[in-house]
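So the structure is just underneath, and the comments pick up after that.
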Number of protein chains: 2
Amino acid sequence: MKTYSISEAANELNLTVYTLRYYDKEGLLPFVERTASGIRVFKESDISALKIIECLKATGMPIKEIKHFIDWCSEGDSTLQQRYDMFVERKAMVEAQMEELKKTLELIDHKCFYYKTALDAGTEDIHKNNKIVINN
Amino acid sequence: MKTYSISEAANELNLTVYTLRYYDKEGLLPFVERTASGIRVFKESDISALKIIECLKATGMPIKEIKHFIDWCSEGDSTLQQRYDMFVERKAMVEAQMEELKKTLELIDHKCFYYKTALDAGTEDIHKNNKIVINN
DNA sequence: TTAAACCTTATAGTTAACTCTAGGTCAAGG
DNA sequence: CCTTGACCTAGAGTTAACTATAAGGTTTAA
C-alpha cells in the first residue's frame, strides 16, 4: 500500500509542507502515523481525509471547527448525529454562497457591459443621461 | 437629495462605522465629501459606489486592488480599458469560484448521504464493505 | 564518510482586514 | 450654559491562517 512523505503529500494536495505541519499542530491530523524516528507517513486514507478537510475549508469553515469534526470522527458512532448535522449545515452554507456569487456575477456582467459601451464610445459620458444604468 | 451620516451609511450597507473609516483611510472613498467641520456626508451615489466595492470584495479582490480601480475611476476616460479588463477578469474569477463551489457541494452532498445512511444503521461500519464510498 | 536533502520541534514573523481605544470636537435638547 | 451622544483622528490590538527561521536529527547516494 502506497505511502507518502510530507512533501509528497503536500504536492498531492497542492499545499505546502508548512501548511501540513500547521494542520497537524492544530490537531487536524491525529490519524497520520510516524516512523520510529518521528517522521510522518501519510497513507492513502490520510490523503482522502485531507481532501475532506480542504473541502470543509472551501466552504469557509474555520480550522477550529474542522477540528471539532476530526474529534468527532475519533469518538466513533456516538457522534454520528453531530457529523450529519454539520454537513447539512455546510450544505446550506454553500448553497447560500452560490446564491451570493450569482448576484455578484450579475453586477459584474452589468459592469462589463457598461465599460464595453463606454470604451466603444470613447467616453464614460455616454452613460450620463442613461437612467437605466445603476451607477459609475 | 438624501444624504447619510457614517452610521446611517454603515447601517445601509451592513458594515460597521469602523470598517467605513478603515476603507476611507485606505483610499477607497475619495468621493465622500465632508462638512466644514470634517464630518463625512454620504450621498446616494456614494452608497452605490460602496455597493460596487462590496461586490468586488465578494469576488475575493483585496482592498489594495480595489483601490487601483477607485484611482482609475478618478483618472477618467484614459483608464476605461483597464477598468473593462478588470471586470472581465473578475467575471472569470467568479465563474471559477462557482465551478469550485459546485464540486465542493457534490462532496458535501455525498457526506450528507453517507452520514444519513450511517445514522439509520446506527453505525458507521455499514460503509466499511461498501467500496463505492470515497472515504470516512 | 560526508554532504545533500530530507525530516523534526519550537518559536517568531507576516498579512489582510478589521476592531478598538484614547483623546478630542461638534450639534442638539433641557 | 451644559450635558449627551455622535462624530473625528491617530495609532494600537486582534485574529486567522499561514510562512519562515533556527537548531538540530536522519537517510541516502557518490
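Quick note on labels: first sequence line is chain A, next is B, and so on, each numbered from 1.
Using a 4.0 Å cut-off between charged nitrogen and carboxylate oxygen, A:Lys102 and A:Glu99 count as a salt-bridge pair. Using a 4.0 Å cut-off between a side-chain N of Lys or Arg and a carboxylate O of Asp or Glu, A:Lys67 and A:Glu26 do not qualify as a salt bridge. Ionic pairing of A:Lys51 and A:Glu54 is not present here: no N-O contact between side-chain nitrogen and carboxylate oxygen is shorter than 4.0 angstrom. Classification of A:Asp24 and A:Arg21 as a salt-bridged pair fails, no side-chain N sitting under 4.0 Å from a carboxylate O. Under the 4.0 Å criterion applied to side-chain N and carboxylate O atoms, A:Lys2 and A:Glu12 are not assigned as salt-bridge partners.
In this structure, B:Tyr23 reaches the C:dC18 phosphate: one of its side-chain N or O atoms is under 4.0 Å from OP1 or OP2. Residue A:Lys57 has a polar side-chain atom (N or O) positioned under 4.0 Å from OP1 or OP2 of D:dC18. Regarding contacts with the backbone of D:dT27, a side-chain N or O of A:Ser37 is found under 4.0 angstrom from either OP1 or OP2.
Across the protein-nucleic acid pair, B:Glu65 atom CD and C:dA17 atom P stand 10 Å apart, rounded to whole Å. Put simply, CG on B:Asp24 is 11 Å from P on D:dA10, counting in whole angstrom units. Spacing between atom CZ of B:Arg21 and atom P of D:dA12 amounts to 18 Å, rounded to whole angstrom units. Between the OH atom of B:Tyr18 and the P atom of D:dG13 there is a distance of 16 Å, rounded to whole Å. Nucleotide D:dC18 holds its C1' atom 15 Å from the CG atom of A:Leu29, rounded to whole Å. In this structure, A:Lys67 atom NZ and D:dA17 atom P are separated by 14 Å, rounded to whole Å. Across the protein-nucleic acid pair, B:Glu54 atom CD and C:dA17 atom P stand 12 Å apart, rounded to whole Å. Following rounding to the nearest Å, A:Tyr22 (OH) and C:dA12 (P) show an atom-to-atom distance of 17 Å.
Nearest to the side-chain atoms of B:Ile63 among the listed nucleotides D:dA16, C:dC18, D:dA20 stands C:dC18. In this structure, the nucleotide among C:dT11, C:dT19, D:dC8 sitting nearest to the side chain of B:Ile39 is D:dC8. Distance from the side chain of B:Arg34 is smallest for D:dC8 among the nucleotides D:dT21, D:dC8, C:dT19. When distances run from any side-chain atom of B:Ile6 to the nucleotides D:dC8, C:dA17, D:dT19, the shortest one goes to D:dC8.
Taking the centre and axis of the six-membered ring of A:Tyr114, the NZ or CZ atom of A:Lys111 falls inside the cone set by 45° and 6.0 Å.
Using a 4.0 Å heavy-atom distance criterion, A:Arg40 is classed as a sugar-phosphate-only contact. Contact annotation for A:Ser5: backbone-only contact, meaning every heavy-atom pair under 4.0 Å involves sugar-phosphate atoms and none involves a base. Residue B:Ser7 is classed as a sugar-phosphate contact, given heavy-atom separations below 4.0 Å to backbone atoms only.
Residue A:Lys25 places a side-chain atom within donor-acceptor reach of the base of C:dT11, judged by atom type and a 3.5 Å distance cut-off alone.
Heavy-atom nearest nucleotides on DNA chain C were determined for B:Leu15 and for B:Thr35, and the one closer to the 5' end corresponds to B:Leu15.
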> Tell me, what's DNA chain C's dot-bracket, Watson-Crick or G-U with both distances under 3.5 Å, | for other-strand, [ ] crossing?
Replying inline: ||||||||||||||||||||||||||||||
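Take B:Phe87 and apply the ring-ring contact (aromatic ring centres under 6.0 Å, His included) test, not counting sequence neighbours, and it matches A:Tyr115, B:Phe69.
More than 12 heavy atoms of other residues, nucleotides or ligands lie within 6.0 Å of CE in A:Met61, so this atom counts as buried by the packing criterion.
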